[in-house]
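Taking it in order: structure first as structure tokens, then the write-up.
A note on names: the letters A, B, ... follow the listed sequences, proteins ahead of strands, and every chain is numbered from 1. Every value quoted in this text rests on a predicted model; they were computed, and no experiment measured them.
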2 protein chains.
Amino acid sequence: MMWDMLAFGPHARDGNWISNLPSVPTLDDVARSAGVSTATVSRCLNSPERVVEHTRKRVMAAVEQLGYTPNFGARVMAAKRTFTIGAIIPTMENAIFARGLQAFQEALHARGYTLLVASSAYQPKIEEEQIRSLVARGADGLLLIGHDRDPAVYEYLRARSIPVLSAWVYLPDCDQPTVGFDNRASMRALAQKVIDFGHRSIAMISGITEGNDRAAARLAGLRDALSDNGLDPGAVPVIETPYEIENGSVAFRTLMQGDTRPSVVMCGNDVLAVGALRGAREIGLSVPDDVSITGFDDIELARIVEPQITTLHVPHREMGRRAAEALIDIVEKRNSGASIELQSSIQLRGSLRDLRV
Amino acid sequence: MMWDMLAFGPHARDGNWISNLPSVPTLDDVARSAGVSTATVSRCLNSPERVVEHTRKRVMAAVEQLGYTPNFGARVMAAKRTFTIGAIIPTMENAIFARGLQAFQEALHARGYTLLVASSAYQPKIEEEQIRSLVARGADGLLLIGHDRDPAVYEYLRARSIPVLSAWVYLPDCDQPTVGFDNRASMRALAQKVIDFGHRSIAMISGITEGNDRAAARLAGLRDALSDNGLDPGAVPVIETPYEIENGSVAFRTLMQGDTRPSVVMCGNDVLAVGALRGAREIGLSVPDDVSITGFDDIELARIVEPQITTLHVPHREMGRRAAEALIDIVEKRNSGASIELQSSIQLRGSLRDLRV
DNA sequence: GATTCAAATGTAAGCGCTTACACTAACCTC
DNA sequence: GAGGTTAGTGTAAGCGCTTACATTTGAATC
């Protein structure tokens with residue numbers, strides 16, 4: 001276990017009375033100034049209805065006048081709550097997470113919570129470290145992406161009674177709550193559509209599946225569809241590569257160099273699909289005339305390129321918002337935290353050719 | 001002033017001994033288990049070099065065995081530091097901020113800090129509320145975008161000795177540190193290039209300048225360049241609109257409906273430029289043959305569309321990283337916080353036509 | 001006017017940690 | 001060997017807040 005996070009380093013106690021001059025007012029100062037006890041001031045702030053009107057007015061005036069702001073640490077210590085929620089996402093560089101996180105943050109804010117953010121770069125080890133770090137920072141609850149991780153992590157969180165919510169996946173049978181969609185079924189549906197369009201020679205550019213259950217589920221979904229249609233799921237050329245445009249381009253060109261060119265390249269997300277599209281242009285192939293391309297996520301990019309990319313629309317903003325609400329509900333013990341399923345939907349666009357016509 | 005953020009709501013003290021069963025170990029437990037005082041345990045964690053080897057080993061073993069994690073609130077209270085940095089950005093939906101924030105977070109993490117995030121949706125009022133909220137949450141320092149805001153905000157922060165860093169702008173004469181580039185000079189340079197290319201009829205699609213000094217500076221930069229070249233800066237058609245693709249499209253079409261069609265439409269950022277490009281396509285205009293378009297920021301989008309957009313490259317990742325380092329340096333009092341200037345650079349691409357050839 | 005009871009407020013005990021200061025023991029120096 | 005260092009450790013005083021419990025106040029009732 002890493003103890004770095006425990007170390008706050010050597011601290012010079014601020015014993016310098018000079019720097020204390022612009023001292024921040026405390027509850028005590030407010031109490032004295034308003035001529036009441038600290039308890040009353042605290043109640044004015046936390047449960048105003050328990051303080052009679054004229055007292056409250058006097059107190060609030062003192063608060064205002066002194067420019068009082070509660071001390072965070074003291075409050076956390078006494079109340080055992082930080083009203084802070086932690087989120088660990090793979091990266092904010094992918095618009096899908098950036099937008100989900102934006103919606104998540106907005107929803108948290110609406111309910112008086114603040115967001116603590118960390119990123120894992122898709123690396124389980126980094127993610128674990130970040131989980132510890134956010135927990136140590138007092139997060140009241142945690143949002144994680146995907147659900148497949150070391151059981152010890154869940155053990156650790158349970159021991160500390162920190163609620164966790166897994167987003168971007170929907171696992172009804174899981175003992176942890178999830179908010180998301182069925183990656184596997186979604187990809188299966190898209191692949192089915194591709195097959196319906198007459199494609200038989202399918203290749204895939206997948207994200208790295210190791211340690212990424214969404215990527216793995218999408219690949220599995222493609223294999224499901226192939227099996228469903230009597231095609232050999234083992235025969236699909238698959239290249240796994242990190243979600244970067246350039247990688248999509250490289251992978252695409254590699255796939256196209258094989259003996260049997262696929263008629264369609266299905267990508268693990270839109271970023272790879274955009275890369276594939278670029279790769280096609282680079283080697284002079286026309287999409288969708290020479291080869292079709294599909295994506296996943298439906299980020300802005302997918303509709304900006306030419307041709308637009310056929311992809312699966314994922315309601316990322318709604319996912320972020322619902323995740324925030326569900327997580328807060330659990331933190332505040334309003335419910336036990338059932339999973340919420342969101343629907344993805346196929347967006348047929350120019351990058352996929354219908355071979356039947 | 002809003003006091004909502006002060007209210008933690010009614011709290012039931014966890015007096016239920018049953019729920020205390022899986023109790024989290026405290027410093028005291030560790031001390032007892034290791035047969036030392038709490039001070040020694042604390043020192044082991046915070047300044048190991050001050051504890052003799054064999055004692056330290058014993059203590060760390062106890063820490064390990066008990067699964068001890070320091071209590072955040074108590075630590076904050078005693079140490080007066082949270083090792084948390086707050087950042088308030090307009091929105092994570094724009095890749096420029098998402099990436100800058102990603103780099104910022106990575107750099108913070110590398111130095112043992114955690115990121116608290118909020119967004120303002122470009123609204124000063126919301127931003128102020130968020131500032132108070134993050135300060136109340138104990139942020140040791142704050143990252144803000146741009147520098148133009150109510151002096152009372154800076155007053156508030158100074159009173160609490162919270163260091164602030166303004167990013168995305170470079171203001172050497174400002175008493176607050178900034179990390180960024182000169183928006184005005186950058187736009188001026190780009191406009192000069194546009195003029196050099198023979199364009200005389202220039203229009204601009206700007207972001208909303210009210211409450212956004214970057215947007216205002218970019219517009220001013222364009223006017224500077226016009227003046228420099230003996231053109232009338234007051235004659236430029238300017239449409240201000242929020243940074244959304246669709247708005248760029250609408251604004252572009254509006255500009256094109258005027259009596260005198262501009263030969264180039266300069267946009268306040270790439271998002272608007274991509275929208276403008278889409279607008280051009282919608283009304284059947286060819287870019288750059290019929291009209292040129294320029295952007296600002298150089299996000300991925302700019303190189304994905306066809307034609308690629310001529311824009312100003314802004315080193316957003318570096319900006320995020322440098323901002324994190326500078327801010328931590330200030331928080332840790334390593335220096336007084338001088339501003340850092342980063343360079344933007346013109347990226348000439350297909351969307352800008354050289355009328356001289 | 002005495003009695004009752006609820007509402008309003010005050011008192012004070014922690015919460016778990018850091019660190020100034022006190023203490024002890026071991027080692028020098030003269 | 002007395003006096004002086006110094007390194008290692010312990011003692012205990014807060015840090016500012018919330019809240020259980022005690023007390024006061026004042027209105028309602030008889």
Side-chain angles (χ1 to χ4, degrees), chain A residues 6-17 20 23-32 34-59 63 66 68-83 136 138, chain B residues 6-17 20 23-32 34-59 63 66 68-83 136-138 160:
Chain A
L6 301 188
F8 261 41
H11 301 293
R13 167 68 65 111
D14 187 7
N16 187 342
W17 56 270
N20 278 340
S23 78
V24 179
T26 69
L27 237 213
D28 225 56
D29 297 327
V30 177
R32 204 169 315 121
V36 297
S37 72
T38 59
T40 300
V41 178
S42 177
R43 278 188 285 256
C44 278
L45 266 20
N46 297 325
S47 39
E49 74 285 355
R50 299 183 50 195
V51 178
V52 87
E53 168 102 19
H54 70 272
T55 309
R56 191 176 351 129
K57 276 201 169 154
R58 196 150 39 94
V59 170
V63 162
L66 269 61
Y68 169 76
T69 305
N71 175 290
F72 177 70
R75 186 166 231 184
V76 167
M77 184 142 188
K80 313 258 180 248
R81 294 279 310 276
T82 60
F83 279 71
Chain B
L6 301 188
F8 262 40
H11 301 293
R13 166 69 64 110
D14 187 7
N16 186 343
W17 56 271
N20 278 340
S23 79
V24 180
T26 69
L27 238 213
D28 225 55
D29 297 327
V30 177
R32 205 168 315 120
V36 297
S37 71
T38 59
T40 299
V41 178
S42 178
R43 278 189 284 256
C44 279
L45 265 21
N46 296 325
S47 38
E49 73 285 356
R50 299 184 50 196
V51 178
V52 87
E53 168 101 22
H54 69 270
T55 309
R56 190 176 350 129
K57 276 201 168 152
R58 196 148 40 93
V59 170
V63 162
L66 269 61
Y68 168 75
T69 306
N71 175 289
F72 177 70
R75 186 166 230 185
V76 167
M77 183 141 189
K80 312 261 181 246
R81 295 279 309 275
T82 60
F83 279 71
R137 247 73 177 186
R160 282 166 185 69

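The base of C:dG10 sits within donor-acceptor range of the side chain of A:Arg43, with an N or O pair under 3.5 Å.
When each of B:His54 and B:Ala74 is assigned the nucleotide of DNA chain D bearing its nearest heavy atom, the one mapping closer to the 5' terminus is B:His54.
Atom CZ in A:Phe72 sits roughly 15 Å away from atom C1' in C:dC15 (whole-Å rounding). Rounding to whole angstrom units, CG of residue A:Asp29 and P of D:dC17 are separated by 9 Å. One interatomic measurement links the two molecules: CZ of B:Arg81 to P of C:dT18, which rounds to 13 Å at whole-angstrom precision. Note: CZ (B:Arg32) to P (D:dG10) measures 14 Å, nearest angstrom. B:Met77 places its CE atom 11 Å from the C1' atom of C:dG14, with the value rounded to the nearest Å. In this structure, A:Lys80 atom NZ and C:dG14 atom P are separated by 13 Å, rounded to whole Å. When rounded to the nearest whole Å, the span between CG of A:Leu27 and C1' of D:dT18 equals 9 Å. Atom CZ of A:Arg50 is separated from atom P of C:dA7 by 11 Å (rounded to the nearest Å).
Test B:Ser37, B:Ser42, B:Pro70 against B:Leu27 for side chain to side chain contact (heavy atoms under 4.5 Å, CB included) and you get one pass: B:Ser42.
A donor-acceptor distance shorter than 3.5 angstrom exists from the side chain of B:Arg58 to the backbone of B:Ala34, with no hydrogens or angles considered. Judged by distance alone, with hydrogens and angles left aside, the side-chain atoms of A:Arg56 form no donor-acceptor pair with the main-chain N or O of A:Leu45 at under 3.5 Å. A donor-acceptor pair under 3.5 Å is absent between the side-chain atoms of B:Thr38 and the main chain of B:Asp28, judged by distance alone.
Note on A:Ser42: every side-chain N or O is 4.0 Å or more away from OP1 and OP2 of D:dC17. Between A:Thr26 and D:dG16 there is no side-chain polar atom (N or O) within less than 4.0 angstrom of OP1 or OP2. Contact check, A:Ser37 against C:dT11: no side-chain N or O comes under 4.0 Å of OP1 or OP2. For the OP1/OP2 pair of C:dT18 and a distance below 4.0 Å, the side-chain nitrogens and oxygens of B:Asn46 include at least one atom meeting the criterion.
Using a 4.0 Å heavy-atom distance criterion, A:Thr38 is classed as a base contact.
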